[in-house]
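What follows is a short report on a single structure.
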Amino acid sequence: MLDLQQLRKDLPTAVAGLARRNFVFDEVSFRALEDERRIIQMQTEELQAKRNAASKMIGMMKGKGEDTTAIMADVAGLGDGLKANETALGELQEKLNNFLRQIPNIPRADVPPGKSELDNVEVRKWGTPKTFDFAPKDHTDIGEALGGIDFETAAKLSGARFSVLRGGVARLHRALAQFMLNKHTLEHGYTEVYVPYMVGGESADGVSSLAKFKDDLFKIEGRDLYLIPTAEYPVTNFVRDEIVDAKSLPMKFACHSPCFRSEAGSYGKDTRGMIRQHQFDKVEVVQIVAPEHSAEAHEELTRHAEAILQALGLPYRTMLLCTGDMGFSSAKTYDLEVWLPAQNTYREISSCSLFEAFQARRMMARFKNAQGKTEYLHTINGSGLAVGRTLVAVLENYQNADGSVTIPNVLVPYMGGMTKLAVAG
RNA sequence: GGAGAGGUGGCAGAGUGGUCGAAUGCACCAGACUCGAAAUCUGGCGUACGGUUUUACCGUACCGUGAGUUCGAAUCUCACCCUCUCCGCCA
């Protein structure tokens, strides 16, 4: 949510900022709503003040045993008008609130303008795509040949966009998650957390707009509970409705969780394989920091995600998303794209976003600064990494001509010393 | 699932219709005392919104959430949510 005070003070700057991400801010509606709200609020508060003063007076008079019929008749007349005003004010405030909560974040000044992913900017590249002396297969073929990926059984159980993993591939999947968690907690200073995989609507609306994106989530029937599409949902909400001590900052959390996404509107996209699933695992890193450190923390967190790819020896590039390709809540986002030889291209494997105070305002997440003033926190998160897609990348990049897959060195301890996934003989 | 108890400021905890945004204690901040610290004393110490003469003052709302009764609700009524204890069930 944007800062209402800021919008009042300097609407043109906000409107221009939103225009950069191709969002048209409805100034006329906003101004009309605001003006009306202001008038009704002043009227209502004036009536309330009158009523309160009279009631206080009645209390005092009764205490002294004086007659109060005159003043009580006087204040009784306020009732209807006051109630009407209070109702109108409540409705207006809700309208204004809904309006505000559906406005996306303003991109930072250093975010390149653009309409789609085609306008994203490569900021760095790591590793050299391996050349194969045979035609590299995609992970589906590799996995099925290993007897490790089974989409047919998954389809029988749950339909499309699910997978069953078996044997060495299932273990490799687990090894990846363990490796990522260890790296972030032991080397990057994050605290491991385990969280609910369902959150209430209020938490969901704290990180993004539930009204806008509820179709992307799986909802529990008959209850105000949603399966989490990322651990960002529960973890960021740790600080919802809190005023934390400045000494507790920065907070750094790493969380391994399954993620559930309805993928509504992505029909026909990535239908083959494990790239786009209704359920996938992810290790998420989250930082909650003071405003003055957030830009720097965002860079650091992105490097932490990159460190995983480097340790695994997977070539990747870091893309700075353009204004038109960023998520609703983000002020600045880096995507990490890993090299997939079968697709002969880089594919997204991580998204690291800086939200500034956008989520904190939605969540009422604040801290007491050095001057003792309450201030909104800044939130940052990123995938470090998407486990399913990392499995895909390892299978494809480490495949051999005979169909086997070499285990990356850093994962061998997690695989019980196994160095290769071999095709069953 | 059954029975009971309870949700009040950062924490503990008082408050059962009227100068209650709320006693008291702890914690915290500032000052005094001290060479310094501790102890002690003094003062301060919630959040959001609105107004204005905009680091200050005034107003409004907030005592789990929502509705209701009343001139007036932390206090009474109803619904819901959550927590705790006991019993049952259960990985």
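Numbered from 1 within each chain, the chains take letters A, B, ... in sequence-line order. Just so we're clear, the structure is a prediction, and the values are computed from it rather than from any experiment.
With a cut-off of 3.5 Å on both Watson-Crick or G-U wobble distances, the partner of rU54(B) is given as none. The partner of rC78(B) is rG66(B), judged by Watson-Crick or G-U wobble contacts that both fall below 3.5 Å. In this structure, rA91(B) makes no Watson-Crick or G-U wobble pair, since no nucleotide meets both defining distances under 3.5 angstrom. In this structure rA22(B) sits in no base pair that meets the Watson-Crick or G-U test at under 3.5 Å. The partner of rA38(B), taking Watson-Crick or G-U wobble pairs whose two distances both stay under 3.5 Å, does not exist in any strand shown. Figure legend. rA48(B) is base-paired to rU60(B); pairs are counted as Watson-Crick or G-U wobble with both atom distances under 3.5 Å. In this structure, rA3(B) and rU85(B) make a Watson-Crick or G-U wobble pair, each of the two defining distances being under 3.5 angstrom.
The interatomic distance linking F367(A) (CZ) with rC28(B) (P) rounds to 21 Å, in whole Å. For the pair Q93(A) CD and rU60(B) P, the interatomic distance rounds to 16 Å; values are reported in whole Å. For the pair N85(A) CG and rG59(B) C1', the interatomic distance rounds to 15 Å; values are reported in whole Å. Rounded to a whole Å, the CG atom of L89(A) is 18 Å from the P atom of rA48(B). Per the geometry, CD belonging to Q48(A) stands 12 Å off P belonging to rG72(B), to the nearest Å. Atom pair D245(A):CG and rC29(B):P shows a separation of 10 Å (rounding to whole Å applied). Rounded to an integer number of Å, the gap from CZ of R240(A) to P of rA48(B) is 17 Å. Going from atom NZ of K247(A) over to atom C1' of rA27(B) covers 11 Å, rounded to whole Å.
Checked by atom type, the side-chain pair D335(A)/S351(A) shows a donor-acceptor distance below 3.5 Å. Side-chain contact check for T406(A) and N400(A): at least one donor-acceptor pair (N or O, by modelled atom type) lies under 3.5 Å. Between the side chains of Q277(A) and E263(A), no donor N or O sits under 3.5 Å from an acceptor N or O. With no hydrogens or angles considered, a side-chain donor-acceptor pair links D281(A) and H256(A) at under 3.5 Å. Using a 3.5 Å distance cut-off with no hydrogens or angles, the side chains of T230(A) and K282(A) do pair a donor with an acceptor. Between E356(A) and H378(A), the side chains place no donor N or O within less than 3.5 Å of an acceptor N or O (distance only, hydrogens not considered). Donor-acceptor pairing under 3.5 Å is lacking for the side chains of Q359(A) and T236(A).
Phosphate proximity of rU60(B) to N52(A): present, with a side-chain N or O under 4.0 Å from OP1 or OP2. Contact annotation: K368(A) reaches the phosphate of rU47(B) (side-chain N/O to OP1 or OP2, under 4.0 Å). Proximity of R51(A) to the phosphate of rA73(B): no side-chain N or O atom is located under 4.0 Å from OP1 or OP2. In terms of phosphate contacts, Q5(A) brings a side-chain nitrogen or oxygen within less than 4.0 Å of OP1 or OP2 of rC49(B).
Using a 4.0 Å heavy-atom cutoff across all strands shown, T374(A) reaches sugar-phosphate atoms only and no base atom.
Nucleotides rA38(B) and rA22(B), compared at atom P, are 31 Å apart to the nearest Å. Rounded to the nearest Å, the gap between the C1' atom of rC89(B) and that of rC81(B) is 24 Å. rU52(B) and rA67(B): their C1' atoms are spaced 35 Å apart (whole Å). rG10(B) and rA27(B): their C1' atoms are spaced 8 Å apart (whole Å). Distance noted for atom C1' between rG51(B) and rC20(B): 25 Å (whole Å). Remark: the separation of the P atoms in rC33(B) and rC26(B) is 23 Å, to the nearest Å. Using P as the reference atom, rG7(B) and rU65(B) are 13 Å apart when rounded to the nearest Å. Comparing rG17(B) with rA73(B), their P atoms sit 14 Å apart, to the nearest whole Å.
For F358(A) and F328(A), the ring centers sit closer than 6.0 Å to each other. The aromatic ring centroids of F25(A) and F99(A) lie less than 6.0 Å from each other.
Mapped onto RNA chain B by nearest heavy atom, K83(A) and K50(A) fall at different nucleotides, with K50(A) at the one closer to the 5' end.
Side-chain contact between I349(A) and Y316(A) is absent, with no heavy-atom pair separated by less than 4.5 Å.
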For nucleotides 18-23 of chain B, which of its nitrogen or oxygen atoms have a protein nitrogen or oxygen under 3.5 Å away, and what is each distance?
residue : atom : partner : partner atom : Å
rG18(B) : O6   : K62(A)  : NZ           : 3.3
rG18(B) : N2   : S55(A)  : O            : 2.9

Interface polar pairs with nucleotides 51-56 of chain B, N/O, under 3.5 angstrom:
residue : atom : partner : partner atom : Å
rG51(B) : OP1  : R38(A)  : NH1          : 2.6

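Of the candidates P113(A), P107(A), C322(A), P107(A) is the only one forming a side chain to side chain contact (heavy atoms under 4.5 Å, CB included) with R21(A).
Below 30°, between 30° and 60°, or above 60°: for Y334(A) and H298(A) the angle between ring planes is below 30°, a parallel geometry.
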